[in-house]
2 protein chains.
Amino acid sequence: MNLHVRVFTIGALAKATGVSTPTIRYYEEIGLLPPAPRTAGGQRTYDDDDLGRLTFIKQCRDFGFSIDQVRVLLELSISTNRDCVETRDIAQLHLDEVRQKLAELRLLERRLESFVTRCNVACAGGPGQDCVIFKDLAAPAKGGCCG
Amino acid sequence: MNLHVRVFTIGALAKATGVSTPTIRYYEEIGLLPPAPRTAGGQRTYDDDDLGRLTFIKQCRDFGFSIDQVRVLLELSISTNRDCVETRDIAQLHLDEVRQKLAELRLLERRLESFVTRCNVACAGGPGQDCVIFKDLAAPAKGGCCG
DNA sequence: GTACTCCTTCAAGTAACTTGAGGTTCAAGG
DNA sequence: CCTTGAACCTCAAGTTACTTGAAGGAGTAC
C-alpha cells in the first residue's frame with residue numbers, strides 16, 4: 001500500500017528545495033523541522049510532507065522573514081482555529097520593514113555615489129595623507145561630502 | 001604646555017561619536033582603536049586624535065563598510081605612499097554591492113505587496129488550514145502568488 | 001570486497017556587536 | 001572623611017542563521 005510514497009535522503013531533499021544539508025540538520029535541531037525518521041544505519045529519511053514543509057520554510061526565508069517569524073507562520077499554516085489574517089499582519093509588518101530598509105539604502109546609494117565622484121574629482125590620486133575625503137570622514141558628521 | 005588638550009572618558013567619547021561604550025572597548029579589542037592609556041584607577045582616557053579616528057570609523061560604518069574594509073581605509077588614510085585611488089575603488093565596489101541589494105529589495109517589496117494584497121483578496125479570513133496563501137508557499141517556487 | 005559518494009555527530013567559526021554578572025573608581029554632597 | 005550613585009572595569013556568554021572542518025560510518029555500484 002506504499003504507492004506514491006516518495007522517500008528522500010537528506011541530499012535529495014536539499015537538491016529539491018535548494019536548502020543545504022547542514023542547514024536542514026540545523027532546522028531539525030532548532031525545531032523548525034520534526035526529527036526525521038532514520039534508516040537502520042541511522043541516516044535521515046524524508047517524505048513529501050517534509051518536502052512541502054521545507055519548501056514553505058525556504059519560500060518564507062526568501063521573503064526575508066526571520067526564523068522566528070517562520071516559526072509563527074508555520075504554526076498559523078497548520079492551526080485550525082487561528083485566524084489567517086494574522087499572517088497578513090506579519091507580512092504587512094515585514095513589508096514596512098523592507099520599505100524602511102529600502103529608503104535607507106537609497107540614501108546610502110546617493111551618499112556613496114557622491115563619495116566616489118568626489119574621490120575622482122577632488123583627489124589628485126596622491127598619498128592618503130593629502131586626501132580631502134579622509135579629512136571629511138574624520139570630521140564630525142555634517143553631510144559635508146554628500147547630499 | 002597642555003593647552004587645548006582635551007581628555008575624554010569612554011562615556012564622553014561615546015556621546016561625542018554615537019558609538020556605544022561596549023563597542024568602543026570592542027574596537028580596541030579587535031585592534032581598530034589603539035589601546036587607550038589608563039588613569040591610575042585603570043579607566044581609559046581618550047584625546048582629540050581618538051575622537052577623529054573613531055569618528056572616521058563611525059562614518060565608514062554608517063556608509064555600510066565592513067570592519068575589514070574600515071581597517072583598510074584607516075590604513076590608507078594614514079599611509080604616505082599608498083595611492084588614495086584605492087579608497088575610491090573600495091567605495092565603488094561597495095556601491096555596486098549596495099545597488100545589487102537595492103535591486104533585490106525592490107523585488108522583495110513587490111512580492112510582499114502582492115502577497116499582502118492576495119491575503120486580503122483571496123482569503124476569507126478563516127482558519128489557516130484553508131488559506132490559499134499557505135498552499136502556495138508549500139508548493140515549489142514558481143512565483144504563483146506574486147509578480 | 002573495495003571504491004566512492006553520501007551520510008553521521010560534534011565542535012568551532014562567522015560578523016559585529018550586545019547583554020549580564022560581579023566588582024571598582026570617580027566626583028559630588030553632607 | 002564618608003557615603004552615595006553614576007560611570008567605569010573585566011570576563012563570559014548570547015545573538016542570527018548558518019557554514020566549515022574533522023573524523024568516521026552507511027549505502028551502492030562494479
Side-chain angles (χ1 to χ4, degrees), chain A residues 6-33 35-47 50 53-54 56-74 90 94 97-98 101 104 108, chain B residues 7-33 35-47 50 53-54 56-74 90 93-94 97-98 101 104 108:
Chain A
R6 287 190 294 176
V7 172
F8 309 96
T9 64
I10 196 171
L13 188 66
K15 204 168 254 173
T17 56
V19 177
S20 76
T21 54
T23 299
I24 294 174
R25 290 192 200 102
Y26 169 72
Y27 283 167
E28 178 179 317
E29 191 186 320
I30 64 171
L32 264 194
L33 290 174
R38 307 295 185 106
T39 65
Q43 303 199 350
R44 289 174 179 81
T45 60
Y46 298 93
D47 60 19
D50 299 308
R53 189 177 176 98
L54 186 53
F56 180 92
I57 294 168
K58 176 64 159 56
Q59 304 263 319
C60 290
R61 295 290 298 132
D62 286 349
F63 265 119
F65 291 107
S66 72
I67 292 286
D68 272 355
Q69 286 176 319
V70 175
R71 226 183 272 276
V72 175
L73 290 171
L74 272 170
I90 292 175
H94 184 52
E97 286 165 13
V98 165
K101 190 77 194 165
E104 284 167 22
L108 182 57
Chain B
V7 171
F8 309 96
T9 64
I10 196 171
L13 187 67
K15 205 168 254 173
T17 57
V19 178
S20 76
T21 54
T23 299
I24 294 175
R25 292 192 200 101
Y26 169 72
Y27 283 168
E28 179 179 317
E29 191 187 321
I30 64 170
L32 219 47
L33 291 175
R38 306 296 184 106
T39 65
Q43 301 198 351
R44 291 176 179 80
T45 60
Y46 298 93
D47 61 19
D50 299 309
R53 189 179 175 93
L54 186 52
F56 180 93
I57 293 168
K58 176 65 158 56
Q59 304 264 319
C60 289
R61 295 290 298 133
D62 287 349
F63 265 120
F65 290 106
S66 72
I67 292 287
D68 273 353
Q69 285 176 318
V70 175
R71 227 182 271 276
V72 175
L73 291 171
L74 272 171
I90 291 175
L93 198 71
H94 184 51
E97 287 166 10
V98 165
K101 190 75 193 166
E104 284 168 21
L108 181 58

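Chain identifiers are assigned alphabetically (A, B, ...) following the order of the sequence lines, protein sequences preceding nucleic acid strands; residue numbering begins at 1 within each chain. As the structure is a prediction and not an experimental result, all values here were calculated from the model.
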Taking the side chain of [X] as heavy atoms from C-beta outward, which of [options] is closest to it?
X: B:Ser66; options: D:dA26, C:dT18, C:dA16; result: C:dA16
X: B:Tyr27; options: C:dC17, D:dC8, D:dA26; result: C:dC17
X: B:Arg44; options: D:dC18, C:dA16, D:dC9; result: D:dC9
X: A:Thr23; options: C:dA16, D:dT19, C:dT19; result: D:dT19
X: A:Arg38; options: C:dT18, D:dC18, C:dT9; result: C:dT9
X: A:Ile67; options: D:dC8, C:dT8, D:dA17; result: D:dA17
X: A:Arg25; options: C:dC17, C:dT9, D:dC8; result: C:dT9

Query raised in the report: With respect to the phosphate group of D:dC8, does any side-chain polar atom (N or O) of B:Thr9 fall under 4.0 Å of OP1 or OP2?
Result: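 Affirmative; the distance criterion is met.
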Query raised in the report: According to a strict under-4.0 Å criterion, is B:Thr21 in side-chain N/O contact with OP1 or OP2 of D:dA7?
Result: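 So the side chain of B:Thr21 is outside the cut-off, no N or O lying under 4.0 Å from OP1 or OP2 of D:dA7.
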Report task. Give the minimum heavy-atom separation between B:Phe56 and B:Leu73, together with the two atoms involved. Result ->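 B:Phe56 and B:Leu73 have their closest heavy atoms at CZ-O, 3.9 Å.
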Query - Minimum-distance pair of heavy atoms, taken over all atoms of B:Thr21 and B:Ala14 - result: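 Between these two residues, the closest heavy atoms are CG2-CB, 3.6 Å.
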Query raised in the report: For B:Ile10, which contact category applies under a 4.0 Å heavy-atom criterion: base, sugar-phosphate, or nothing?
Result: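 The residue B:Ile10 makes sugar-phosphate contact but no base contact.
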Query raised in the report: Considering heavy-atom distances to DNA chain D, does A:Tyr26 or A:Gly42 have its closest nucleotide positioned more toward the 5' end?
Result: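 Residue closer to the 5' terminus by nearest nucleotide: A:Tyr26.
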**Report entry** Chi angles and distances behind the salt bridge (Lys or Arg N to Asp or Glu O under 4.0 Å) call for B:Arg71, B:Asp68
**Finding:** CA-CA 5 Å; B:Arg71 227 182 271 276; B:Asp68 273 353; 3.6 Å; yes
